[in-house]
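Here is the structure we will look at.
Convention: sequence-line order gives letters A, B, ...; per-chain numbering from 1. None of the values given here were measured: they were computed from a predicted structure.
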Number of protein chains: 2
Amino acid sequence: MTAPTTDDPRIDALMAEVRRAGGRVTAARRLIVGALLDAATHQTVDELAAIVRTAGPDVHLSTVYRTLDSLEAIGLVEHTHVGHGPALYHVGRMHPHLVCEKCGAVIDFEPAQLDTLREELRERFGFELHVGHFAMLGHCRDCASS
Amino acid sequence: MTAPTTDDPRIDALMAEVRRAGGRVTAARRLIVGALLDAATHQTVDELAAIVRTAGPDVHLSTVYRTLDSLEAIGLVEHTHVGHGPALYHVGRMHPHLVCEKCGAVIDFEPAQLDTLREELRERFGFELHVGHFAMLGHCRDCASS
DNA sequence: TTAAATGCAAAGAATTTGCATAACA
DNA sequence: TGTTATGCAAATTCTTTGCATTTAA
């Protein structure tokens, strides 16, 4: 387990946004967004907490939850529900996710890729699809072939 | 809270399938599938248990869970994950769901409606979409306009 | 009669909350 | 100095499990 980055300039950018929204910049928050930014893929709260604790052993799980909630309220972070298992968090804008039910691999893709479907659902059911907040489940290439 | 149907012929049909699969037909199981079949929409385990208990007060929540698991293993029932909140159960074949994040309304639709998307995801990512096991979230017509 | 299903209690996983203390602005 | 954020413990919600007992086949 590696400690989260602390010198990524994106951390400061995000913290500036937090401040602008009336929030406060704390050590725990810097670590948490550092861990979020490091990640190659989306992460659960437990995973984030484990990384954060390598640098700040006292950061409590509830602090991670609350920090992510705050960041999400400001629009800096999103979480996605994945079938069973815990929610996945990631920085940045809403986008659709494919999640493999076998190996857990997450594939991000562009919202535009769902425009046709979105239009179809809007016309047919009057339903406004929110692409970011749920994952589409199935099998990834590797798991589908095996 | 109304007691579940007990004279729906579909109950017997489903029980026949249970028997064929080596399972046993019990009073609890008849009540549970009765409740499932009555429903206008998909239901949570708690909702089902409440209905079932009007006729069989001792049917335990864990029995409802286990019965639904068994029925799902045989392929008679499916459950769908809906963002936060508990899973929704329904009889019958896998199909996609739209769930309103505001009012909880569930819209079922035909798997074929997603064929284009499916083909696209397969080509682009090698991803095999399983349409039944997750809900696509958004706002229904009423909630979107208000 | 015997394997499967049930009731009950308890545990488990994921998340939220209350409250006193600490620390940012 | 006055909130806001944190740590901690405890509560909540949804679901699963172990075990002794009951019951369908």
Side-chain angles (χ1 to χ4, degrees), chain A residues 11-12 14-33 42-50 52-53 55-74 76-77 79-89 104 133-135, chain B residues 11-12 14-33 42-50 52-53 55-74 76-89 104 133 135:
Chain A
I11 298 178
D12 298 302
L14 288 166
M15 288 302 108
E17 297 242 34
V18 167
R19 235 182 233 113
R20 190 176 325 146
R24 290 175 184 183
V25 174
T26 66
R29 288 182 169 188
R30 298 191 76 91
L31 290 173
I32 291 163
V33 304
H42 303 340
Q43 293 161 105
T44 64
V45 170
D46 273 327
E47 288 165 351
L48 284 169
V52 165
R53 285 200 189 110
D58 290 343
V59 175
H60 199 270
L61 207 57
S62 66
T63 299
V64 180
Y65 273 105
R66 282 192 275 223
T67 295
L68 292 171
D69 280 356
S70 304
L71 297 177
E72 192 157 20
I74 308 177
L76 303 179
V77 158
H79 75 275
T80 301
H81 294 284
V82 181
H84 305 275
L88 298 181
Y89 284 80
H133 196 219
F134 62 91
Chain B
I11 297 178
D12 298 302
L14 288 166
M15 288 302 110
E17 297 241 35
V18 167
R19 236 183 232 110
R20 189 176 325 147
R24 289 177 184 180
V25 174
T26 65
R29 288 182 170 190
R30 299 190 74 92
L31 290 173
I32 291 164
V33 304
H42 303 342
Q43 292 160 107
T44 65
V45 170
D46 273 327
E47 288 165 352
L48 285 169
V52 164
R53 285 201 190 110
D58 290 343
V59 175
H60 200 269
L61 205 57
S62 65
T63 299
V64 180
Y65 273 105
R66 282 193 275 222
T67 295
L68 292 169
D69 279 355
S70 305
L71 297 177
E72 192 156 20
I74 308 175
L76 302 179
V77 157
E78 308 264 355
H79 76 273
T80 300
H81 294 284
V82 182
H84 304 272
L88 298 182
Y89 284 81
H133 196 220

Item to complete: Would you indicate, yes or no, if C:dT15 has its OP1 or OP2 atom less than 4.0 angstrom from a side-chain nitrogen or oxygen of A:S62?
Response: no
Worksheet, complete the sentence: Heavy-atom nearest pair, A:L61 first then A:R53, reads N-NH2, 3.5 Å
Practice prompt. Specify whether B:H81 and A:H84 have parallel, tilted or perpendicular ring planes, treating 30° as the upper limit for parallel and 60° as the lower limit for perpendicular.
Written response: perpendicular
Worksheet item: Quick one: are A:H79 and A:Y89 in side-chain contact, heavy atoms under 4.5 Å?
Response: yes
Worksheet item: Counting just side-chain N and O atoms, does A:T67 come under 4.0 Å of either OP1 or OP2 of D:dT6?
Response: yes
Item to complete: Find the distance B:L61:CG to D:dT13:C1' and express it as a whole number of Å.
Response: 11 Å
Worksheet, complete the sentence: Rounded to whole Å, the NE2-P distance (B:H79 to D:dC14) equals 15 Å
Practice prompt. Could you state the atom-to-atom distance from NE2 of A:H60 to C1' of C:dT17 in whole Å?
Written response: 12 Å
Response to the item:
Whichever of B:H84 and B:V59 has the more 5' nearest nucleotide on DNA chain C, that residue is B:V59
Worksheet entry | Student check: side-chain heavy atoms of B:V64 and B:D46 closer than 4.5 Å | no
Discussion item. Rounded to whole Å, please give me the gap between CG in B:D69 and P in D:dC14.
Written reply: 17 Å
Worksheet item: Is a side-chain donor or acceptor of A:R29 paired with a backbone partner of A:R24 at a separation under 3.5 angstrom?
Response: yes
Item to complete: Compare side-chain N and O positions of A:T63 against OP1 and OP2 of D:dG7 and report whether any pair is under 4.0 Å apart.
Response: yes
Practice prompt. Would you mind telling me which residue lines up with the more 5' stretch of DNA chain D, A:S70 or B:A87, judged by nearest nucleotide?
Written response: A:S70
Worksheet item: Nearest-Å distance, CZ (A:R66) to P (C:dA23)?
Response: 16 Å
Worksheet item: Heavy atoms under 4.0 Å, any strand shown: does A:V45 hit a base, just sugar-phosphate, or nothing?
Response: nothing
Item to complete: Scan B:L76, B:L71, B:V77 and name whichever one has a side-chain contact (heavy atoms from CB on, under 4.5 Å) with B:L14.
Response: B:L76
Discussion item. Rounded to whole Å, how long is the line connecting atom CZ of A:R24 with atom P of D:dT3?
Written reply: 9 Å
Practice prompt. In whole angstrom, give the distance that lies between atom CZ of A:R19 and atom C1' of D:dT3.
Written response: 16 Å
Discussion item. A:L68 vs A:L48, test: side chain to side chain contact (heavy atoms under 4.5 Å, CB included). Steps then yes/no.
Written reply: CA-CA 10 Å; A:L68 292 171; A:L48 284 169; 3.9 Å; yes
Worksheet item: Would one find a side-chain N or O of A:Y65 under 4.0 angstrom from OP1 or OP2 of C:dT16?
Response: no
Item to complete: Starting from the first five and the last five pairs of the helix from C:dT1-D:dA25 to C:dA25-D:dT1, work out the angle between the resulting helix axes, to 10 degrees.
Response: 30°
Discussion item. Assuming nearest nucleotide by heavy-atom distance, tell me which of A:D58 and B:G23 is located more 5' along DNA chain D.
Written reply: A:D58
Item to complete: Please state how far atom CZ in A:R53 lies from atom P in D:dT6, giving the value in whole angstrom units.
Response: 14 Å
